[in-house]
Amino acid sequence: MALTLFNTQTRKKELFEPLDAACVGMYVCGPTVYDLAHIGNARPIIVFDVLYRLLRDIYGADSVTYVRNITDVDDKINAAAQASGEPISAITARTTQAFHDDIDELNALPPDVEPRATEHIGEMIDMIETLIASGHAYEAEGHVLFHVPSDDDYGKLSNRDREEMLAGARVEVAPYKRDPADFVLWKPSEEGLPGWDSPWGRGRPGWHIECSAMSRKHLGLTLDIHGGGADLVFPHHENEVAQSECASPGQPFVRTWVHNGFLSVNGEKMSKSLGNFITIRDALDGAPGEVLRLMMLSTHYRHPLDWTEEGVQQARTRLDRLYRVLQNAGEVSETGSDDADSGDPGFDAALHDDLNTPLALSELERQADELSKLDGPDTGRHRRTFLASAGMLGILQQDPKAWFKGADAAEDVSHIEAQIALRLEARNAKDFGTADNIRDALAENGIILEDRPDGTTDWRRTG
RNA sequence: GGCCGGGUGGCAGAGUGGCUAUGCGGAGGACUGCAAAUCCUUUUAUGCCGGUUCGAUUCCGGCCCCGGCCUCCA
């Protein structure tokens, strides 16, 4: 089935065809590790995780290389260290660990390569030297700058005209710039700041050069897919294109640019500078990662997504229902034939159409409806297809029992079961007042009881 | 000002030139001691103004509103 993706470069949905189907490369801009990641960071993690899963499904797991960098040298990190007194290496190590822990909860597969900027300084210096040699960059007062007018194609990704950009510029232009649009490739580091020896003295890289240097090292000169948040289109990705293509004339940098839309919170922009941001950790306190994942996938990746508590609740209810269907289908003996899994055409078509996860989700729910009505030898096969579809979205992969009951302490469970037994006694004695009191008390602790037709009582956790 | 998204029923959110998803919620019913869960039934929409068309939510033009980017940001 053909995969189409919306290419930011051409502003069109295009048939995706990798340069080499045996070696598909995807590069996604990762976090700058100076603080806990927020839910806006979580969106590209989840979106590109789904794309990664889909590419692996199409081309084979061994044929896809997903590279997502860690930016561990940056002025924000330096500022955080200065503010707290914590050593830079401690901040980056701690924040990187926190990032991994957080996105693990979101069921995101780890990338194949996770390069760190500080481990690629040599590659960056090499690239900068190439740019200077070819007249695309120059040294000035210890800085090395990319000279934007030297690149005729500059602006092609973000569709910006240089003249217009200058007209709208609100920043002060550093005096050493030959052109106001020129941007930093390398800058001097004074005492106390991270720095590396270079032909231009002790210094550190600018932000954009790291992605150009690391992507080419790990994926080659031309990437099949480069992804990130829509806010990175300009200037970050535009500058990456300029650096990479000027350093290797005739080699296109990226074939398909994929950008996810912006996330807002209760209709407002979320930003670190405004301080109204919700960290992934905060969000995980309120709901399991799988719920957050489902919530993010219920809006198309290119559209704006507004984060609300109600939206989280809706996702939770939806996921509960899917797990319930899975649970019920699991009670049917697996006697179906073991045909090779052919997938679900409706679901697959939705996902292959520019990652239409909201539609895919509704197809998944259609599968759930069908599964819940089945009661025969086909059940096992449907269940497997259903699970495979859900797996493409990275959901429904745990035991329904674990989902509803959680993995809490055994004494907690025995307490619940003891209460259920007490309630059963009361019900048998027609003492419904006592029975309802027990049920209400459990409900206050987030335990919902469900009486079954056979006289037994099941329970589940909520919230 | 320039560039890019978006405006769909109570809410969330897709597709589609005519037969008008899906989910959450609401209403009614079945089931239940009552619930919960499940099942059945049900309600409501396409920002505004033109144009093309037999017919537009869907195509074209204009306008209005919201958000993002143009400065660190996923």
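In this text, all values refer to a predicted model and were calculated from it rather than measured experimentally. Lettering follows sequence order; numbering is per chain, from 1.
Taking atom CG of A/Asp102 as the reference point, atom C1' of B/rA74 lies 15 Å away to the nearest angstrom. The distance between atom CG of A/Asp454 and atom C1' of B/rU32, rounded to the nearest whole Å, is 14 Å. When rounded to the nearest whole Å, the span between CG of A/Leu305 and C1' of B/rG5 equals 14 Å. Spacing between atom CG of A/Leu361 and atom P of B/rA12 amounts to 17 Å, rounded to whole angstrom units. The distance from atom CZ of A/Arg316 to atom C1' of B/rA12 is 17 Å, rounded to the nearest whole Å. Atom-to-atom, CG of A/Asp306 to C1' of B/rC66 comes out at 11 Å; the value is rounded to the nearest Å. To the nearest angstrom, C1' of B/rC4 lies 14 Å from CG of A/Asn7. The separation between A/Ile438 atom CD1 and B/rA36 atom P is 19 Å, rounded to whole Å.
The base of B/rG23 has none of its N or O atoms less than 3.5 Å from a complementary donor or acceptor on the side chain of A/Arg321. For A/Asn356 against B/rG15, a side-chain-to-base donor-acceptor contact under 3.5 Å is absent. Taking 3.5 Å as the limit, the base of B/rG23 and the side chain of A/Gln314 contain a donor-acceptor pair of atoms between them. Residue side chain A/Asn159 does not reach the base of B/rC69 through any donor-acceptor N/O pair under 3.5 Å, judged by distance alone.
With sequence neighbours excluded, no residue forms a ring pair (Phe, Tyr, Trp, His ring centres under 6.0 Å) with A/His352.
Nucleotides B/rG13 and B/rG23 are separated by 8 Å at their C1' atoms, to the nearest Å. For the P atom pair drawn from B/rG5 and B/rA14, the interatomic distance equals 15 Å after rounding to whole Å. Nucleotides B/rC4 and B/rA12 place their C1' atoms 24 Å apart, quoted to the nearest Å. Annotation: B/rU52 and B/rC65 have their P atoms spaced 27 Å apart (nearest Å). Look at the P atom in both B/rC70 and B/rG61: the space between them is 28 Å, to the nearest Å. For the C1' atoms, the distance linking B/rA45 with B/rG2 amounts to 34 Å, nearest Å. Across the P atoms, B/rU32 and B/rG25 are found 23 Å apart, a figure rounded to whole Å. Spacing between B/rG15 and B/rC72 at atom C1', rounded to whole Å, works out to 39 Å.
Residue A/Ser264 is classed as having no contact, given no heavy-atom separation below 4.0 Å to the nucleic acid. Within 4.0 Å (heavy atoms only), A/Glu450 reaches at least one base atom of the nucleic acid. Using a 4.0 Å heavy-atom distance criterion, A/His300 is classed as a sugar-phosphate-only contact. Backbone-only engagement by A/Arg318 is indicated by non-hydrogen atom pairs under 4.0 Å involving sugar-phosphate atoms exclusively. Using a 4.0 Å heavy-atom distance criterion, A/Ile448 is classed as a sugar-phosphate-only contact. No engagement by A/Arg68 is indicated, since no non-hydrogen atom pair under 4.0 Å with the nucleic acid exists. Looking at heavy-atom distances under 4.0 Å, A/Arg439 makes contact with a base. No engagement by A/Gly311 is indicated, since no non-hydrogen atom pair under 4.0 Å with the nucleic acid exists. Residue contacts shown for A/Arg427 include a base, since a base heavy atom lies under 4.0 Å away. In this structure, A/Leu263 reaches the bases: a heavy-atom distance under 4.0 Å links it to at least one base atom across the strands shown.
Each of A/Pro304 and A/Asp74 lies near RNA chain B, and the nucleotide nearest A/Pro304 is the one positioned closer to the 5' end. Residue whose closest nucleotide on RNA chain B sits further toward the 5' end, between A/Pro31 and A/Glu365: A/Glu365.
Ion pair A/Asp49/A/Arg53 flagged as a salt bridge, since at least one NZ, NE, NH1 or NH2 atom sits closer than 4.0 Å to an Asp/Glu carboxylate oxygen.
Of the options A/Trp186, A/Phe183, A/Tyr176, a ring pair (Phe, Tyr, Trp, His ring centres under 6.0 Å) to A/His143 is made by A/Tyr176 and by none of the others. Of the candidates A/His226, A/Glu245, A/Glu240, A/Val254 forms a side-chain contact (heavy atoms from CB on, under 4.5 Å) with just one, namely A/His226. For the salt bridge (Lys or Arg N to Asp or Glu O under 4.0 Å) with A/Arg423, the qualifying choice from A/Asp436, A/Asp440, A/Asp451 is A/Asp451, the only one to do so.
When the nucleotides B/rG33, B/rU22, B/rA74 are ranked by their closest atom to the side chain of A/Asp436, B/rG33 comes out on top. With B/rA37, B/rA74, B/rC34 as the choices, the nucleotide that has an atom nearest any side-chain atom of A/Thr32 turns out to be B/rA74. In the set B/rC72, B/rA74, B/rG33, the nucleotide with an atom closest to the side chain of A/Asp231 is B/rA74. Here the nucleotide nearest the side chain of A/Arg460, chosen from B/rC4, B/rC73, B/rA37, is B/rA37. Candidate nucleotides B/rC73, B/rC70, B/rC4 were compared by shortest atom distance to the side chain of A/Arg160, and B/rC70 ranks first.
Of the side-chain N and O atoms in A/Lys269, none sit less than 4.0 angstrom from OP1 or OP2 of B/rC73. For A/His303, a side-chain nitrogen or oxygen approaches OP1 or OP2 of B/rA14 to under 4.0 Å. Between A/Trp459 and B/rA36 there is no side-chain polar atom (N or O) within less than 4.0 angstrom of OP1 or OP2. Dashed line: the shortest gap from a side-chain N or O of A/Ser298 to OP1 or OP2 of B/rA12 is not under 4.0 Å.
What you find for A/Pro400 and A/Gln327 is that their closest heavy atoms are CB-CB, 3.7 Å.
Counted by atom type alone, A/Gln82 and A/Asn78 present zero donor-acceptor pairs between their side chains at under 3.5 Å. Residues A/Asp306 and A/Ser264 have side chains that bring a donor and an acceptor to within less than 3.5 angstrom of each other.
Residue-environment remark: NZ (A/Lys401) stays at or below the threshold of 12 foreign heavy atoms within 6.0 Å.
Under the stacking definition used here (centres under 5.5 Å, planes under 30°), the residue A/Phe432 qualifies as stacked on the base of B/rG33. Stacking between A/Phe262 and B/rG67 is absent: the ring centroid is not both under 5.5 Å from the six-membered base ring centre and under 30° in plane angle.
A cation-pi arrangement, defined by a distance under 6.0 Å to the six-membered ring centre and an angle within 45 degrees of its axis, is present between A/Arg302 and A/Phe6.
Summarising the geometry, atom OH belonging to A/Tyr52 is positioned 10.0 Å from atom CZ belonging to A/Arg68; distances are rounded to the nearest 0.5 Å.
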Give the dot-bracket string for RNA chain B, reading 5' to 3', where a pair is Watson-Crick or G-U wobble with both distances under 3.5 Å, ( ) marks pairs inside the strand, [ ] marks pairs crossing earlier ones, | marks a partner on another strand, and . marks unpaired. (((((((..(((.....[...))).(((((.......)))))....(((((..]....))))))))))))....
